[in-house]
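One structure below.
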2 protein chains.
Amino acid sequence: MTDATDLFFNVFRNKNRFRILKLLSNKELCASELQKELMIEQTNLSHDLKCLINCQFITVRKNGRKRIYKISPETKELVEEVSKHIKKYELYLKKCNIIKEEENEEI
Amino acid sequence: MTDATDLFFNVFRNKNRFRILKLLSNKELCASELQKELMIEQTNLSHDLKCLINCQFITVRKNGRKRIYKISPETKELVEEVSKHIKKYELYLKKCNIIKEEENEEI
DNA sequence: TTTATATATGAAAAAAATTTCATATAATAA
DNA sequence: TTATTATATGAAATTTTTTTCATATATAAA
């Protein structure tokens, strides 16, 4: 069951994890900086960071009592490609939502 | 909460839905043909197809008692790009799995 | 028309993922 | 040392997704 496709989506499917990866694409950040940006619970963020580390999508290094997170070059490239596509098909994707909303109105 | 990123992942995150899109990238297929290829439950497939139709990632047309599914050109391009990336980083993604397995062994 | 084939649907059950909570650890400052 | 800051962890609770089940519908063949 765990082929490359699964592994890819296991990590990327999560909105917060994807947002973390996008932030780390710009520069290295520590957990508290990520927390401030993403407005998510500390403990929650910590779980997501662990997930990303397990998958080697990001790496950590200690600096005082902070931990600095860094995205891997391969993952950075991947995030940029996916972001590009989401942006490119934004209108198209938003249309999907309109259809869903119309469906809900019918009920 | 429903921005383009969410919408994108809502559809693409599912393994079966992604496999459907990959099959439809090659040629139009009816549900029973998809079922044979994917080896998934009829009712299950039907639910996934509905999801993809709702999002306009695929379209349907009737032909006798069969329904022929067709991927949209934009989605086809998107699937190809993501597939290309998954293939490119296959080894890298598989490493993630090894790490997870090692973690499990420690327990 | 009855039967068979192809597909859809909705609700319940099951599984998986995410969030919350309570607490732990590690490093530095006081 | 003790307190504080920064982050991690595991388990329980919650939420979301997927699967299953029972049944419906639509078309064509017999």
Side-chain angles (χ1 to χ4, degrees), chain A residues 1-2 5-21 23-24 28-55 58-70 96-97 99-100 103-104 106-107, chain B residues 1-2 5-21 23-24 28-55 58-70 96-97 99-100 103-104 106-107:
Chain A
M1 226 290 274
T2 41
T5 305
D6 285 320
L7 292 165
F8 176 80
F9 286 115
N10 278 350
V11 185
F12 273 77
R13 76 171 142 218
N14 181 283
K15 192 192 177 181
N16 285 336
R17 282 197 290 276
F18 191 72
R19 287 171 74 210
I20 290 167
L21 292 176
L23 282 177
L24 294 181
E28 301 181 12
L29 294 168
C30 68
S32 50
E33 288 170 323
L34 282 166
Q35 207 189 329
K36 221 171 279 174
E37 284 285 344
L38 296 168
M39 300 276 284
I40 55 179
E41 283 247 351
Q42 178 272 316
T43 181
N44 210 320
L45 173 64
S46 193
H47 284 304
D48 281 335
L49 288 170
K50 194 188 179 185
C51 166
L52 292 168
I53 290 162
N54 276 348
C55 293
I58 63 174
T59 53
V60 213
R61 70 162 197 278
K62 286 186 191 173
N63 182 11
R65 50 183 157 188
K66 298 200 174 183
R67 297 197 179 192
I68 315 296
Y69 297 93
K70 180 181 183 165
C96 311
N97 193 36
I99 289 161
K100 277 184 198 160
E103 274 198 350
N104 289 339
E106 282 169 23
I107 297 160
Chain B
M1 225 291 276
T2 41
T5 306
D6 285 320
L7 292 165
F8 176 80
F9 286 116
N10 279 349
V11 186
F12 273 78
R13 76 170 142 218
N14 181 283
K15 192 192 176 181
N16 285 336
R17 282 198 290 276
F18 191 72
R19 287 171 74 208
I20 291 168
L21 293 176
L23 282 176
L24 294 180
E28 301 181 12
L29 294 167
C30 68
S32 49
E33 288 170 323
L34 282 166
Q35 208 189 330
K36 221 171 280 175
E37 282 285 344
L38 295 168
M39 298 277 284
I40 56 179
E41 282 246 350
Q42 179 273 317
T43 182
N44 209 319
L45 173 65
S46 193
H47 284 304
D48 280 335
L49 288 170
K50 194 188 179 184
C51 166
L52 292 169
I53 290 162
N54 276 349
C55 293
I58 63 173
T59 52
V60 214
R61 70 162 197 277
K62 285 187 191 172
N63 182 10
R65 50 183 158 186
K66 298 200 174 184
R67 297 199 179 190
I68 315 295
Y69 297 94
K70 180 182 182 165
C96 312
N97 193 35
I99 289 160
K100 277 184 199 159
E103 274 197 352
N104 290 339
E106 281 169 24
I107 298 159

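The chains referred to below are lettered A, B, ... by the order of the sequence lines, with proteins before strands, and numbering in each begins at 1. Keep in mind that what you see is a predicted model, and the values were worked out from it rather than measured.
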Worksheet item: In terms of the nearest nucleotide of DNA chain C, which residue is placed more toward the 5' end: Asn16(A) or Ile68(B)?
Response: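 Nearest nucleotide further toward 5': that of Ile68(B).
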Worksheet item: Toward the 5' end of DNA chain C, which comes first, Arg17(A) or Leu49(B), by nearest nucleotide?
Response: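 In this pair, the answer is Leu49(B).
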Ignoring the backbone of [X], work out which of [options] is nearest its side chain.
X: Tyr69(A); options: dA8(D), dT7(C), dT17(D); value: dA8(D)
X: His47(B); options: dT9(C), dG10(D), dT18(C); value: dT9(C)
X: Asn14(B); options: dT18(C), dT7(D), dT18(D); value: dT18(D)

I need the [atom1]-[atom2] distance between [X] and [N], as an integer number of Å.
X: Asn10(B); N: dT16(D); atom1: CG; atom2: C1'; result: 10 Å
X: Lys15(A); N: dT16(D); atom1: NZ; atom2: P; result: 13 Å
X: Arg61(B); N: dT27(D); atom1: CZ; atom2: P; result: 16 Å
X: Asn44(B); N: dA16(C); atom1: CG; atom2: P; result: 13 Å
X: Phe9(A); N: dA16(C); atom1: CZ; atom2: P; result: 18 Å

Worksheet item: Who pairs with Lys62(B) by salt bridge (charged side-chain N to carboxylate O under 4.0 Å, His left out), at least two apart in sequence or on another chain?
Response: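 For Lys62(B), no residue satisfies salt bridge (charged side-chain N to carboxylate O under 4.0 Å, His left out) once neighbours in sequence are set aside.
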Discussion item. Quick check against the 3.5 Å criterion: does Glu33(B) have a side-chain atom that pairs as donor or acceptor with the backbone of Cys30(B)?
Written reply: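 Yes: the side chain of Glu33(B) pairs with the backbone of Cys30(B).
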Practice prompt. Measure from the side-chain N and O atoms of Arg67(A) to the backbone N and O of Val60(A), and report whether any donor-acceptor pair falls under 3.5 Å.
Written response: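 It does not hold such a pair.
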Please report the interatomic distance [atom1]([X]) to [atom2]([Y]), rounded to the nearest 0.5 Å.
X: Asn54(B); Y: Leu49(B); atom1: CG; atom2: CG; answer: 11.0 Å
X: Leu21(A); Y: Leu52(A); atom1: CG; atom2: CG; answer: 5.0 Å
X: Asp48(B); Y: Ile58(B); atom1: CG; atom2: CD1; answer: 9.5 Å
X: Thr43(A); Y: Gln35(A); atom1: OG1; atom2: CD; answer: 10.0 Å

Worksheet item: What nucleic acid atoms does Ser32(A) come within less than 4.0 Å of, heavy atoms only: base, sugar-phosphate, or nothing?
Response: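 The answer is sugar-phosphate, as Ser32(A) gets under 4.0 Å only of primed atoms, P, OP1 or OP2.
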Discussion item. Using a 4.0 Å heavy-atom cut-off, does Asp48(A) contact any base of the nucleic acid, only the sugar-phosphate backbone, or nothing at all?
Written reply: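 Result for Asp48(A) = nothing.
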Worksheet item: Are any non-hydrogen side-chain atoms of Leu23(A) and Leu34(A) less than 4.5 angstrom apart?
Response: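 Answer yes - side chains close enough.
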Worksheet item: For the helix from dT1(C)-dA30(D) to dA30(C)-dT1(D), what is the angle between the axes at its two ends, each from 5 pairs, rounded to 10°?
Response: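 Both end axes considered, the difference amounts to 0°.
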Discussion item. Taking ring pair (Phe, Tyr, Trp, His ring centres under 6.0 Å) as the definition, give me every residue that meets it alongside Tyr69(A), ordered by chain and number, with sequence neighbours left out.
Written reply: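 In terms of ring pair (Phe, Tyr, Trp, His ring centres under 6.0 Å), with neighbours along the sequence ignored, Tyr69(A) is linked to no residue.
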Item to complete: Give the B/S/- string for nucleotides 25-30 of chain C, one per nucleotide from 5' to 3', where a protein heavy atom under 4.0 Å of the base yields B, of only the sugar-phosphate yields S, and otherwise -.
Response: --BBS-
Worksheet item: Contacts to DNA chain C from residues 34-43 of chain A, heavy-atom cutoff under 4.0 Å, which residues?
Response: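 Those residues whose heavy atoms fall under 4.0 Å from DNA chain C, taken from residues 34-43 of chain A in numerical order, are Glu41(A), Thr43(A).
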Practice prompt. For Arg13(A), enumerate each residue passing the side-chain contact (heavy atoms from CB on, under 4.5 Å) test, keeping only those at least two apart in sequence or located in another chain.
Written response: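 Partners of Arg13(A) under the side-chain contact (heavy atoms from CB on, under 4.5 Å) test: Asn10(A), Arg13(B).
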Item to complete: Classify the ring geometry between Phe9(A) and Phe12(B) as parallel (under 30°), tilted (30 to 60°) or perpendicular (over 60°).
Response: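 Correct class here is tilted.
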